[in-house]
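Below: the structure, in structure tokens.
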Amino acid sequence: MKMIYQTHAIRSVEDFKHQKELSNILVDFVDPLGEITTKDFARFRKIIKIGEVEARKHLPEFVALAEAQRKAGIKYEHEMIEEVKLPTTKFTFNEEDGTPINDAAEIEVLKKQMGLTEGKYYDAKTVNEAIDRVFGMRQYVKVYYTYTNANDGLVMNVFVKRAKKGAFKLALHYDTEQSVGIIVNYTYRNILLNRSRFLATVDISERFKAKVAYQQFLDSGERLWLDLEAKMIHLKSNDLNFRLYDVGGESGDRFPNHIYRNITGKIALNYNISPNAFFSLGTEFSTERMYSLLDKVDQAKVDNYSKKLYNHSNFNTFLKFEQNNLNKRYFFTKGNHLQMSARFYYGDQYQLYDLSTVQPLLYPILNPKDPYYYQPKNLVSFTLNENFAHPITRRLTAKVNLFLGTSFGAQREDQVPYLFLNQKYNLGGSEYNYDLLSPEFNGLRQKELPMTSVAKASASLQYRIMKRLYVTPSFSYGKVSEEFSPFNNSFDMFGYGVNLGYESLIGPISLNVSRNSQLDFSRIYLSIGFKF
């Protein structure tokens, strides 16, 4: 290949010498470009700058040449070339090999997604957005188009390459708070009916997690769809209450390590109002359990001991709106992600087991019938989460997060409302979180501070050091409360930190150092790979 390239280059060199002799003014870029070669596309800004600097050195010569041409009566009439705006008179839909698609229902869906009609002119931007909407269906791994002339119009030929019906995906992950594991995902399309998708995901790790989902479009316009989902998680509890609670001079509970297990089942009817925004109306069942994680020493210390702390289940009916046009999931640089939801909780079932005997320190904070608390009826929560990113320069991006979580229900002046963990806002974590009930906050571990209500604002500056390496300092401020409103009997929290992130082949890598005003020490968090 080197010999072939050199053979071709010999002719270019000879042509350069000939053209140089014919030139009145020569701007020679060879020496200034130095080691830059024809394959250095990523260095285009530097190449352009070199061109500008070298050309300015010859500016007097260019001016003199222009003056000489003017005096000689030479004129150049520059005419704008007008775009020929032909209408699209016909659409064809084909497989990648050129075979026409014969399924009338599929063609109808493609037409509705594109939103283009025959007999109209469309510019390139409009057509590309239409093709993006087809690709966003995730039914195809490739979508492209060509034009052919037809009398006084154009024929738009759309080509698609279908995605495989079933596919396995694997991903490794590790973080310092939970565990190392392998995520296995299987996706199958059109398993029962056309325009459906089945997903099964398992996190094979010490902190086992699993999710099964089925999604089915109900109309030909790909707007109305059914969403069925079941999910199970096992997480090591970071709940501060268990470690800070103090009764009678004794600090903490008898066994400091606890596991939180949650199983949820959801059915929802969703409506897409645009390619990146939808409404969701549904009902969710949730059952949660907290139990102690005993090691050999713990088991030897106590004879009559149950690992179970409590078990709770309930239902909620929700209305949710979500809009997401971030340009990528991790280290995004522009766009916004808005989530709003209202939930009505009911059907609480609760069991405390024998905490009053075996772990009396935990009993007051886990017992909803304690005199300190009251259980509110007709509990309704409202949550808003807005993340916004704006590029300041090509390397620097400003990010803002606003979060509000508050609840409504009957109130009592002398008692605090008791909310269960799946009704609270579990504050903490340094990574961007798509979970509405788990807002991130500097200096806290994931889900470390469960509160009834939260109002939070944070700002950060993401700077791209090199191609895939980012550094992001951030600052957070919040008001949190055990009351229904974050502004009643609340306390202020300040947090700050810095994150070093890298987009690797195995997923995002993040190293975060942060602290806040409530805990007088720094937290270090390392995460590698994609999240469950």
Side-chain angles (χ1 to χ4, degrees), residues 209 211 213 227-233 235 238-239 260 262-273 276-288 312 314-326 329-330 332 335-346 379-389 399-409 419-442 444-458 476 478-481 484-486 493 531-532:
K209 297 182 281 291
K211 181 171 72 173
D227 185 18
L228 305 175
E229 182 181 296
K231 185 176 181 180
M232 172 190 288
I233 61 170
L235 296 174
N238 291 324
D239 196 332
Y260 175 75
N262 182 279
I263 301 174
T264 58
K266 179 183 74 174
I267 178 170
L269 192 63
N270 301 337
Y271 183 77
N272 295 332
I273 60 175
N276 59 8
F278 69 95
F279 280 102
S280 181
L281 176 64
T283 296
E284 183 178 68
F285 169 76
S286 174
T287 177
E288 55 185 357
H312 166 250
N314 63 355
F315 291 86
N316 74 80
T317 295
F318 61 87
L319 175 63
K320 179 182 176 182
F321 170 77
E322 183 165 357
Q323 179 260 335
N324 188 352
N325 64 359
L326 296 175
R329 183 178 178 91
Y330 301 99
F332 49 86
N336 81 299
H337 183 200
L338 172 64
Q339 297 170 290
M340 293 189 294
S341 78
R343 294 177 183 268
F344 173 63
Y345 294 93
Y346 54 93
L379 180 65
V380 176
S381 71
F382 172 77
T383 312
L384 181 147
N385 188 28
E386 162 68 359
N387 281 273
F388 176 78
K399 296 183 177 183
V400 176
N401 170 241
L402 300 175
F403 184 93
L404 175 65
T406 185
S407 300
F408 305 90
L419 271 63
F420 297 98
L421 278 179
N422 64 4
Q423 299 167 339
K424 289 188 173 186
Y425 298 100
N426 298 279
L427 206 62
S430 58
E431 294 183 304
Y432 181 66
N433 200 322
Y434 284 77
D435 182 359
L436 265 178
L437 296 180
S438 303
E440 61 270 21
F441 201 93
N442 281 326
L444 292 175
R445 292 173 175 166
Q446 299 171 20
K447 301 177 183 289
E448 190 167 26
L449 186 60
M451 300 301 295
T452 300
S453 56
V454 175
K456 187 201 81 167
S458 64
S476 302
K479 295 183 76 69
V480 297
S481 174
F484 283 145
S485 169
M493 289 184 63
K531 293 300 178 183
F532 177 82

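Note that the numbering runs from 1 along the sequence shown for the chain.
Judged by distance alone, with hydrogens and angles left aside, the side-chain atoms of Asn325 form no donor-acceptor pair with the main-chain N or O of Gly335 at under 3.5 Å. Between the side chain of Lys456 and the backbone N or O of Val480 there is no donor-acceptor pair closer than 3.5 Å.
A distance of 11.5 Å separates OG of Ser381 from CZ of Phe318, quoted to the nearest 0.5 Å. Residue Leu421 holds its CG atom at 5.5 Å from OH of Tyr260, rounded to the nearest 0.5 Å. Rounding to the nearest 0.5 Å gives a distance of 9.0 Å between OG of Ser286 and CD1 of Ile263. The distance from atom CE of Met493 to atom CG of Leu444, rounded to the nearest 0.5 Å, is 4.5 Å. With rounding to the nearest 0.5 Å, the separation of CZ in Arg329 from CG in Asn324 is 9.0 Å. If you take CD1 on Ile267 and OG1 on Thr317, they are separated by 11.0 Å, rounding to the nearest 0.5 Å.
Ion pairing of Glu229 with Lys231 is absent here, as no side-chain N (NZ or NE/NH1/NH2) approaches a carboxylate O to less than 4.0 Å. Ion pairing between a basic and an acidic side chain is recognised when a charged N comes within 4.0 Å of a carboxylate O; Lys447 and Asp435 show such pairing.
Judged by the 6.0 Å distance and 45° axis criteria, Lys399 is positioned over the aromatic ring of Phe332.
Pro486 is listed as a side-chain neighbour of Leu404, based on a closest heavy-atom distance under 4.5 Å. You'll find the side chain of Thr383 stays beyond 4.5 Å of the side chain of Gln339, heavy atoms only. The shortest distance between side-chain heavy atoms of Leu269 and Tyr271 does not fall below 4.5 Å. Looking at Tyr425 and Phe403, their side chains come closer than 4.5 Å, going by heavy atoms from C-beta outward. Counting heavy atoms from C-beta outward, Thr287 and Asn422 have side chains that stay 4.5 Å or more apart.
Closest approach of Ser485 to Thr406, counting heavy atoms only: CA-OG1, 3.8 Å. Closest non-hydrogen pair, Glu440 versus Gly429, comes out as CB-O, 3.1 Å. What you find for Tyr345 and Asn314 is that their closest heavy atoms are CD2-ND2, 3.7 Å. Across every non-hydrogen atom of Pro450 and Lys424, the tightest pair is CB-CD, 3.9 Å.
A donor and an acceptor atom, one from each side chain of Asn401 and Asn387, are located under 3.5 Å apart. Side-chain contact check for Asn426 and Ser438: no donor-acceptor pair (N or O, by modelled atom type) lies under 3.5 Å. Of the N and O atoms on the side chains of Glu386 and Asn336, at least one donor lies less than 3.5 Å from an acceptor on the other residue.
Sorted by first and then second residue, the salt bridge (charged side-chain N to carboxylate O under 4.0 Å, His left out) pairs with a member in residues 335-346 read Glu284-Arg343; sequence neighbours excluded.
Using a 30° and 60° split on the angle between ring planes, Phe315 and Phe285 fall in the tilted class, from 30° to 60°.
Annotation: ring-ring contact (aromatic ring centres under 6.0 Å, His included) contacts of Phe321 (sequence neighbours excluded): Phe279.
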Give the intermediate values and the outcome of side chain to side chain contact (heavy atoms under 4.5 Å, CB included) for residues Leu419 and Phe484.
CA-CA 10 Å; Leu419 271 63; Phe484 283 145; 4.2 Å; yes

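Of the candidates Thr264, Ile233, Asn262, Glu288 forms a side-chain contact (heavy atoms from CB on, under 4.5 Å) with just one, namely Asn262.
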